[in-house]
Amino acid sequence: MSNKEVKAALKSAREAIKNKEFKEALKHCKTVLKLEKNNYNAWVFIGLAASELEQPDQSQSAYKKAVELEPDQLLAWQGLANLYEKTDQWDFKVDLPNVYQKLVELYASSDRNKCYEVIKKLSDIYLSDKEYLKLAKVWLQLIHLKEEQAVDKKELLQLWRQMTQQFSDCLNEEEQDSEVTQHLITAFEKAMVLIDPVPGEEHRKISTDYLPQEKAKMKEACEAMLSVYPTQSYPLEVLCSHYLKTDILNEDAVSCFSRLQDLAPNNGLGHLGLGTIALREGRYEDAIKDLGQGLKKMSCSTGWYSLAEAQFKMHRYSESATSCSQGMFSLLYISINDLTTVPDAEKDPVLVALKGRAYLNKGQIDQALKVFSTSSITLLALPLGSFLKAASQSPDCGEYHFLLGRLYWDMGEETRKDRIKPFLFCLFKAAKLDPHLGCVFRYLGHYYREVAKDCGRARGCYKKAFDLNSEDAESGAASVDISMEQDDMDTALETLQSVTVKATPGSAKWAWIRRGLYYLKVGEHQQAIADLQAALRADPEDWVCWECLGEAYLNRRSFTAALKAFGKAHQLQPSSIYSVYQAAAIKQTLGRHKEAIAEYLQITAQQDYVPALKGLGECQLSLAKSLMEDCRDGGAVDLLQQAIQNLFRAVELRPDLSCLWKLLGDACTAVSIVSPNRANILVPAPLAGFSPNTQTVLYQIMYLHPGKMNTECYAHALKLMSEVPSLWYDLGLNFYRQACLSGTAEGDWSSQSLLLEKAQQCLKKAIMLGSENHSYWNALGVISMNKGLENFALAQHCFIKSIQVESNNVVAWTNLGALYFKRDNIELAHEAFKIAQSLEPLYVNCWIGQALIAERVGSYDTMDLFRHTTELSTHMEGVKGYAYWVCSTLLDKSNRDSELYRYNIVQMNAISAAQVALSKYTERIQSDPDAFVMLGYLNEHLQLKRQALQAYQRYPASVHTLNRKAGICSGTSGQWEEAAQVYNSTPLQELSDLGGLALAYCRAGLIPESISAYERALAVASNEKEKAYILTALAMLQQQQGNLDSAKTLLFKCSMLKEPIPESLLCLCALGLVHRDVTLAAAALSELLKQGSASASVVEQQCLLTCTLLALQGNYSAVQREASRAVHSNPGNPSLWALLSRVVPQYYPRKANGGAVAGHVACLSSMTQGKRALLYSGVNQLASGRHSREDTKRNALKTMQRAVLLCPDDPATWAGLMAACHTENTSCYLSGSVPSRQCLEQILMSVVSEKGDIERPLAQALEGWVLQQAVTGLMLGGQLEQAEALCTQVLNVSAEHPAVMLSLRQVQCQRLLLANDDTVLPDSALEQLNNAVIMNPSNIGAWHWLAEVYRSQGLLVQAVMAYRQSLQLSSQLGLHNSQVASLLRLALLALKPCMAGVPGNDWKDLVLEATTEVLKLGTCPVALLFQALLQYETKMAARSVETRRLLERLVYVYSQDFPVTVVQVASWYLLKHLHTKDDQELLNYMHTNKIMQFSHRLSINNTGFLEYHNQHSLILCKIFILQYVVRKSKS
């Protein structure tokens, strides 16, 4: 019964597992186990179900229970393997190989394929765990099973090959186990037995893999493989590697290395082996060669070690250290701990030396000395006895003998020369014991060079030392230097090239610099630069190398690079004069003479360096010549004086240098070009022919003693170098210049001929010495054709000869043309000049020749040709010719409308160009009266009256024309009395003389004399037009004397003439305006306008008179319209733009921005009008309130600053600047910031007083305004005491000054009010204030101030009366702005009681009355705001729609004309109104559209803010009104 239940339960469990009902399966299995505790299947099912339910531990226990019950059954082992495979637990992974091993045993007899699969899994586990022995056994087990199965031979071979491959790869990475290695060898052997054919590619490959594994029978295996594959080098490579690793270097090893090298010459092992054997045998050179070749093919630590050892033996320590670092083994930097572990290291001198060097390399000098002192040997720093002891203990050590010899060398010169001392013996013995020790031969070289003076042996020793150690820079450098000294350049260059070829960047500095100097010497500059740059890479701080590089650049003509190189050298070595000198010389070559002079002076300040003095003189001479070309003779003479002094210093130091005397002569000769009265030069006394003890004298070189000094200088130069043709040439030119100067004096022709003959002889001598120089021939030709010789045939021959020597000779062609022109051969002269022009179009002399020819033949191009000469350069002949033709054209008044006149004079700006050129001419040539007359005439045309007067006075003639010119110029320059005297010196028969005399008397204040002169002029007038002008002048004089009726009579008489002039009508109109006779002014102006078109000046005067008449009539808006109309009709007239800018702020300030633009246009159109227009533009900006906080670029302050800069002598500009500063300070106070322009009032007021060069009434008005402005500024800044002191100071000087008294009372009142907030002014004080205001009846601001005082005292009725008085005064004066200001102040005064809730309608009516009047005058947003606020306060209870309409009119209808403050206040009250009405929709609309510019500060639900703003809204309104009124009152 129980057996059936067990089967049924197992069946149910199997079905449950099949249906994946694992819990049900567990229940059935537990039922089985209750009945049958050791049921195998039940435990297997439990393991499977628990595994699926992710209960690995329960599953493992069940499987192990089943395995214990039936160890040979597969089911439980398979389940256990599956459990371990899918569960990631370390204990399961550890036990999995055992399970696989059991499965292999069970599958071996039942299922071979599954057995192979399990073996594969098992081998993978052993391979990953690196259990190679177990892996080998598994492989052998697999192969054994395959053999039992009798598989194919190829399959067995494949398995053996796989086993060898896998184990070869594994054992190459890990330490080899002997048993595993034996299994691997067995696998190789089995594979080699099975492989076929032999020999074959596969057999060769497996044999190659087999050789490294077989150690015991390696030689036999290699030989066997060589016998089969004799061309393969691999067996030999294996053997050679084995010999090197085991350090077996017997005959077999040598044979193996040789065979490998023969078989594979490029194989590195053969070279390494032979090199190692050479090292053992002491053949160090061969060892280094073979090891180096081998290491190039393959890197090997033992090879690097052997190479380092060989290099160490050869004393190539740096190369040895490099080899050590390559092989990861440092022989020189060996570990100190390793040395201390060596037994008896203290007794081994080599180890002691190594230990000491190790301490030295680590920087532990004290420990190194301790080691050396306690040991039996010593090194360099120890006494001689220790060295002797060390040498005796190691007699075969060449290094100790060298150190001993070096100690003898370091003892001094006596020891080196003492042959008794064994110095040479020690060095010779060291060389014999160690022939590879290069330092021995270096010191032998020192001995032969410095002591024995045997350069040949020294060179050989240095060469030997350098051959032994190529890093020995000292030996290499010495060898090269001696070779160069012995002119053996090939050897030296060969040595240097051998070093530079192998040198790495930044090394071998000594070789690079020496080779660079060699190339510099032979002229290969590019190669020299490259080598010197390589030297600088090794040592960038070597200033000598930088200087050498600079020399190379300089020789290559790379001046900029050379300048930088010398600059770097000077930076590294500031005391080096050579670097500074070369930099100065380069700048001199580049034409930067001023910079060169500064550096030359830097040198000469330290010492008298002759090259620097010479360069300094040359630069100063060159600068002087360039200044002379521009006729700046004053500066040129100063430079020539400095050049002479510096060159004379050089001559004193080196009188044997011919070039210095030549330069000194050139400097003295250059003075001959300037005017004689400028040739005053301080020269050294010896040079002037005085005693050397005499002080420096003032010596007029070319005026007192022509050519004395420069001739002596050239003579000194010729004494030193008599065969130099250029010196004879210079001397000849010097004699020629002396002849030209002497020829200007009267009765001195004999000396001139003598000098010309001397010049001719000198030039002939120069031609004899150097006939190939074209300049010599040209100069001889010029001298020969000069007056005094006039040998024209010789001159022509010389010029032609010069052209033959140099075909592109523009000077000779020009001189030849001048010769033909002098001989009146115009055609040949023209051809010669034409050729010269084609050769050099910029040569001015040939153009002057063509201009003279054109003048001779009467060509229209003459003036244009002369003008072109002045554009090319300043040549005296061309300048005078051009000035002559300009003056001639100006004197001919019949051609003013011709095209030729417009081109030559107007378009080419001929008058200014000729005046500038002629000014230079008269500075150079001051003995030409014609030039001064022409200069005065040109200055007159340019309105330069003072300069014209000076020109005429330079050479005053007795002719009346010059006197008349001088009189005109004296008058126009302000010297009226002198002008009258000059006019009286004329016959006074011409109208111009009488008119000039009358004008001079008038300007001098002599009115009766002036009237008399005009009456005499009226008698000689030839036509009615002249009479009209004279009558007009007489009328002006009569008006000036107060005879108004006589003036009118004369002017009416002018208008009745047949040829009336507009000037008489202008005077008549002005007369009516001055006397406020509107009818007379209007009639005269009407007649003036009937005359039709007029000149630009008359149009401006007409517009000015019209505007004045309109202003006199009270039609202020028409003033601006009239000025605008004139500008529109004449947009090119800058005077009208300036007039428009002038009238706008005074009569129509609301258009002040346009007025500022008009002033800017006038400033751009004309510099003359622009200076004044800039002031007008600034006034307009003040009227519009444009300050820096509003516009940082275009504001009143910046404009006024520019006006002051352009017109510093105009007091009005300083007053405008004062107003602009006040505006800036006011804007700062209103914005709550600190003003940055305080304490300027008194300074600017004093400047205005100093600059008061204007008519007295205007000056008084300006000073009064400035004083009030200063007092206002001080009051605004709180400086009441200074303001009161200023007023008191003015009253002490002028007691009758009502404006100042008013200012004083204002200051005193302000001080009383500020002393206490509750101060009540007594009636007497108020009476004084009222009287002070009444004394200034036209001062509207005073009435405003008085009203404000009344308001502060609570006297509102009196305040209203004061405002009404200011309003009445504004109406009488026709001041629109003042009317608006008075009405707005009155409205603000009345609005405060209304908003405070004072009962009654009087104040409300007053607000409406004032604002209505303001709106009648024009649009005013402030008036609209006041009406809205009044409506808000009075109609709030009824929730007036009118209130909302008025406020919305200001808020929504926003324009640029509405100030921001108005919109802000209106927005606030509109918000408050909407909030009261709870109109949430409109509130949201206002916030959404950001109507309020400060909406981010508002909180509608914050009642505290509402209360706060309710208290301060009136304050905000008041501040804005003050801003608005201040801005409107600026004009």
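The figures here come from the full heavy-atom set of this structure, side chains too, leaving out hydrogens, waters and symmetry mates.
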(request) Report, as yes or no, whether the 6.0 Å neighbourhood of atom CD on Glu840 holds more than 12 heavy atoms from other residues, nucleotides or ligands. (result)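 Enclosed: over 12 neighbouring heavy atoms sit under 6.0 Å from CD of Glu840.
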(request) Flag yes if more than 12 heavy atoms outside Tyr884 fall under 6.0 Å of its OH atom; otherwise flag no. (result) no
With rounding to the nearest 0.5 angstrom, report the [atom1] to [atom2] distance, [X] to [Y].
{"X": "Lys880", "Y": "Trp885", "atom1": "NZ", "atom2": "CH2", "result": "15.0 Å"}
{"X": "Tyr729", "Y": "Ser775", "atom1": "OH", "atom2": "OG", "result": "5.0 Å"}
{"X": "Cys887", "Y": "Leu935", "atom1": "SG", "atom2": "CG", "result": "9.0 Å"}
{"X": "Asn786", "Y": "Leu755", "atom1": "CG", "atom2": "CG", "result": "11.0 Å"}
{"X": "Met908", "Y": "Asp864", "atom1": "CE", "atom2": "CG", "result": "6.5 Å"}
{"X": "Tyr1029", "Y": "Asn1023", "atom1": "OH", "atom2": "CG", "result": "10.5 Å"}

(request) Report the C-alpha distance between Asn808 and Trp813 in whole Å, list the side-chain angles of each, state the deciding distance to 0.1 Å, and finish with yes or no for side-chain contact (heavy atoms from CB on, under 4.5 Å). (result) CA-CA 9 Å; Asn808 296 327; Trp813 277 109; over 6 Å; no
(request) Look at the rings of Trp847 and His868 and say which category their plane angle falls in: under 30° parallel, 30 to 60° tilted, over 60° perpendicular. (result)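 Ring orientation, 0 to 90° scale: perpendicular.
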Polar side chain donor-acceptor pair, [X] to [Y], under 3.5 angstrom:
{"X": "Ser802", "Y": "Asn809", "answer": "yes"}
{"X": "Asn778", "Y": "Asn815", "answer": "yes"}
{"X": "Glu827", "Y": "Tyr820", "answer": "no"}

Indicate yes or no for a side-chain donor-acceptor contact from [X] to the backbone of [Y] under 3.5 Å, with no hydrogens or angles considered.
{"X": "Thr922", "Y": "Ser919", "value": "yes"}
{"X": "Glu806", "Y": "Ile803", "value": "no"}
{"X": "Asp630", "Y": "Arg632", "value": "no"}
{"X": "Ser873", "Y": "His875", "value": "no"}
{"X": "Arg737", "Y": "Ala670", "value": "no"}
{"X": "Lys822", "Y": "Met785", "value": "yes"}
{"X": "Thr862", "Y": "Ala854", "value": "yes"}

Side-chain heavy-atom pair [X], [Y] within 4.5 angstrom cut-off:
{"X": "Leu891", "Y": "Tyr937", "answer": "yes"}
{"X": "Met934", "Y": "Tyr921", "answer": "no"}
{"X": "Val886", "Y": "Leu890", "answer": "yes"}
{"X": "Lys787", "Y": "Leu756", "answer": "no"}
{"X": "Phe833", "Y": "Ile848", "answer": "no"}
{"X": "Trp728", "Y": "Leu763", "answer": "no"}
{"X": "Lys801", "Y": "Leu780", "answer": "no"}
{"X": "Met876", "Y": "Cys631", "answer": "yes"}

(request) Using the side-chain contact (heavy atoms from CB on, under 4.5 Å) rule, take Gln642 and Leu639 through it: C-alpha gap first, then chi angles, then the decisive distance, then the call. (result) CA-CA 5 Å; Gln642 298 173 15; Leu639 286 169; 4.1 Å; yes
(message) Could you check whether Lys625 pairs with Glu629 (Lys NZ or Arg NE/NH1/NH2 to Asp/Glu carboxylate O, under 4.0 Å)?
(response) no
(message) Tell me whether Arg902 is salt-bridged to Glu899, with the criterion being a basic N under 4.0 Å from an acidic carboxylate O.
(response)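 Here Arg902 pairs with Glu899 in a salt bridge, since their nearest N and O are under 4.0 Å apart.
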(request) Quick one: do Val879 and Lys920 satisfy side-chain contact (heavy atoms from CB on, under 4.5 Å)? Show the steps, please. (result) CA-CA 9 Å; Val879 167; Lys920 297 179 181 179; over 6 Å; no
Taking every non-hydrogen atom, the tightest pair across [X] and [Y]:
{"X": "Gly635", "Y": "Leu627", "answer": "C-CD1, 3.7 Å"}
{"X": "Leu872", "Y": "Pro841", "answer": "CD1-O, 4.2 Å"}
{"X": "Val674", "Y": "Met628", "answer": "CG1-CE, 3.8 Å"}
{"X": "Arg867", "Y": "Thr870", "answer": "O-OG1, 2.5 Å"}
{"X": "Ala717", "Y": "Leu727", "answer": "O-CD1, 3.6 Å"}
{"X": "Lys662", "Y": "Tyr714", "answer": "O-CE2, 3.8 Å"}

(request) Check the pair His797 / Trp777 against side-chain contact (heavy atoms from CB on, under 4.5 Å), numbers first and verdict last. (result) CA-CA 9 Å; His797 170 73; Trp777 289 103; 4.1 Å; yes
